Amino acid sequence: MTPVPAATPLRERLGSLTAALMTIPGLSGHEGRVRRRLATEMQALGLATKTDKVGNLIATAPGEGDRPTVMLFAHMDQLGFVVRKIEASGIIRLERLGGVPERALASQEVLICVAEGRDIRAVIANKSHHATSPEEKYRVLPYQEIMVDAGFSSAEAVIAAGIDIDSAVVYAPKAIALAGGRLAGTAVDDRAGCAVIVEAARHLVATSNRPTVHFVFSTQEEFNLRGALLAAQALAPDIAIQLDLMLATDTPDMQARGDVGLGTGPAMSLYSFHGRGTLNGTMPHPALVALLQESARSEQLTLQRSAQVGVLTDSSYVQLAHHGVAAIDLGFPCRYTHSSLEMCDLADLEGLVKLVVAAILRLKAGFSLDRDDYER
Ligand SMILES: [Zn+2]
C-alpha cells in the first residue's frame, strides 16, 4: 500500500474551504449564500469585491499594465430543481435545472431552500418495494414523475412553510472526507474550483511583478452557461482561464472515455463540444496550451489532457466576449459528476493552485497571443 502523503497547509486549507462551500446550497440563479461566503474569503485577502446584475462576484488585483490581463473564473452555482407543482396531498413535483441524472435520484434526501435557517428537508420518494412490479423494478423514473415528500399533509401546509412554485431544491448538502485525501459530496462541481481560486488569489495578491488578475465567481453555469460571459464583457480580459471539473476516466465504467486519473494531477481540456442543442465548445488558444505545458514542467507537475464530446463550460461563451478572449479550461479530475456524491482528490486541487499561479506569473509583457506564432 502506498503511504498517504502528509497533508500540506495548502491542502488542508483547500480541504476545509471546499467542504465548507460544498455544504452551502446555491442552485443556479440562487447563488447568494455561496457568493457572500466567497466575498468574505476574498475580502480577508484584502481584495474589494463587487457583484454584477447576474450575481457574479468579481475581485480585481491590479498588476503591471504592460502584461496581458487575466480573468480567472469558476462557477458558484450547482444543478438541482425548482418546485413545479404542489399537490393537494402535500406532495411536491419538480422541474429540473441543469443536467440532473435521473437514475441517481430515487431515495435521495433533498433540501428545499426557503431562507437561511428556514430550509426544509425532504425525501425523493422511492415506491414501496413490496408494491413494485417486475416491470417497474429496473425502470428509471423521469423527473416529471418524481415525488418529493417533506412530511406535509396538504398544499396549504407546504405553502405555510414558505415553499412555493419556483422554490430552489438541491441535493441535501454533504461533504465526506475519504481515504487518501479524497473528498466526496455535493457540488464538488464547482465549489472545488472556487476554493482553488481563493487559494490562488492568496498567493497572487502577495506577489508583485504580475499581471492584473480579475477573480470571478460566476453564476448560472449549470443553467445556460452565460453568467461568466457578462463578466468577460465588462472586464474585457486578454486571457480567460476557467477552473472546473475534468471527467476522471479511471473507474471501470469510464475507461474508454479518456486518460484522466483521480489524484494524478490537474488537467487541461484541449477539446470540448456539446452537440445536443448548444453546438458550442472550447478549443483553447494555442498560446495558453503552451503556457500551461511550460508551467507544469517548471513546477514538476503532471498535467493531464482531456478531449471530450458531451462536456461544455462557460469558457465556450467567454471566448466570444468583447473582441475575443484567449480562453482555456483547466480543472481537477472528478468522479460521478452531477450525482449527489461527486468525488475529487485534494492533491489535484493543490496541483491546480500551483499550476495556475505559475502560469499567471509567466505572463510577461510581450506575451504573444498571435496564433501564427504557435500554429506550426
Ligand atoms: Zn461545473
Side-chain angles (χ1 to χ4, degrees), residues 14 17-18 21-22 24-31 34-35 38 54-57 71-81 96-101 104 170-171 173 175 183-198 215-229 231-232 240-249 257-258 260 262 266-269 271-274 276 278 280-282 284 304 306 308-319 327-345 348-349 352 356:
L14 282 164
L17 180 56
T18 303
L21 293 170
M22 283 163 63
I24 302 173
L27 183 67
S28 288
H30 304 258
E31 297 90 350
V34 184
R35 179 171 55 245
L38 285 166
V54 290
N56 294 314
L57 178 73
M71 172 170 137
L72 178 64
F73 68 108
H75 67 91
M76 291 185 282
D77 60 306
Q78 70 193 99
L79 59 90
F81 311 86
R96 66 187 295 166
L97 202 176
V100 173
V170 293
Y171 297 132
L183 186 58
T186 42
V188 169
D189 169 13
D190 190 21
R191 306 293 162 69
C194 294
V196 167
I197 290 189
V198 171
F215 303 100
V216 175
F217 302 94
S218 67
T219 58
Q220 301 191 21
E221 197 265 3
E222 303 288 0
F223 171 54
N224 71 356
L225 298 147
R226 312 292 202 281
L229 174 60
I241 302 173
Q242 125 120 1
L243 306 182
D244 205 339
L245 67 84
M246 293 281 160
L247 286 186
T249 58
R257 284 294 301 245
V260 173
L262 191 69
M268 73 175 158
S269 171
Y271 177 76
S272 67
F273 182 70
H274 203 283
R276 295 198 305 267
T278 55
N280 209 342
T282 301
Q304 306 191 84
S306 170
Q308 293 278 345
V309 166
V311 179
L312 191 64
T313 70
D314 275 330
S315 67
S316 55
Y317 291 94
V318 163
Q319 67 187 340
I328 193 163
D329 285 326
L330 297 180
F332 52 88
C334 185
R335 289 182 181 170
Y336 322 125
T337 59
H338 285 196
S339 76
S340 66
L341 292 167
E342 301 176 321
M343 191 187 295
C344 68
D345 188 311
D348 294 331
L349 303 187
L352 190 53
V356 83

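None of these values were measured; they are calculated from a predicted model. The analysis underlying the following values was restricted to heavy atoms, covering all of them including side chains, and did not include hydrogens, waters or symmetry mates. The chain is numbered in sequence order, starting from 1. Indexing begins at 1, ligand by ligand and atom by atom, following the structure's order.
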With rounding to the nearest 0.5 Å, note down the distance linking CD in Glu31 to CG in Leu38.
11.0 Å

Taking His338's backbone N and O only, do any of them form a donor-acceptor pair with Tyr171's side chain (distance below 3.5 Å, no angle check)?
yes

May I have the angle between His75 NE2 and Asp244 OD2 with its vertex at the Zn ion (ligand 1), rounded to 10°?
90°

Does Ser272 use its side chain to pair, donor to acceptor, with the backbone of Leu312 at less than 3.5 Å?
no

So does Asp190 have any N/O/S atom less than 2.8 Å away from the Zn ion (ligand 1)?
no

Give the atom name of whichever N/O/S atom in Asp189 sits closest to the Zn ion (ligand 1).
OD1

Taking C-beta and beyond as the side chain, do Phe332 and Asp190 meet within less than 4.5 Å on heavy atoms?
yes

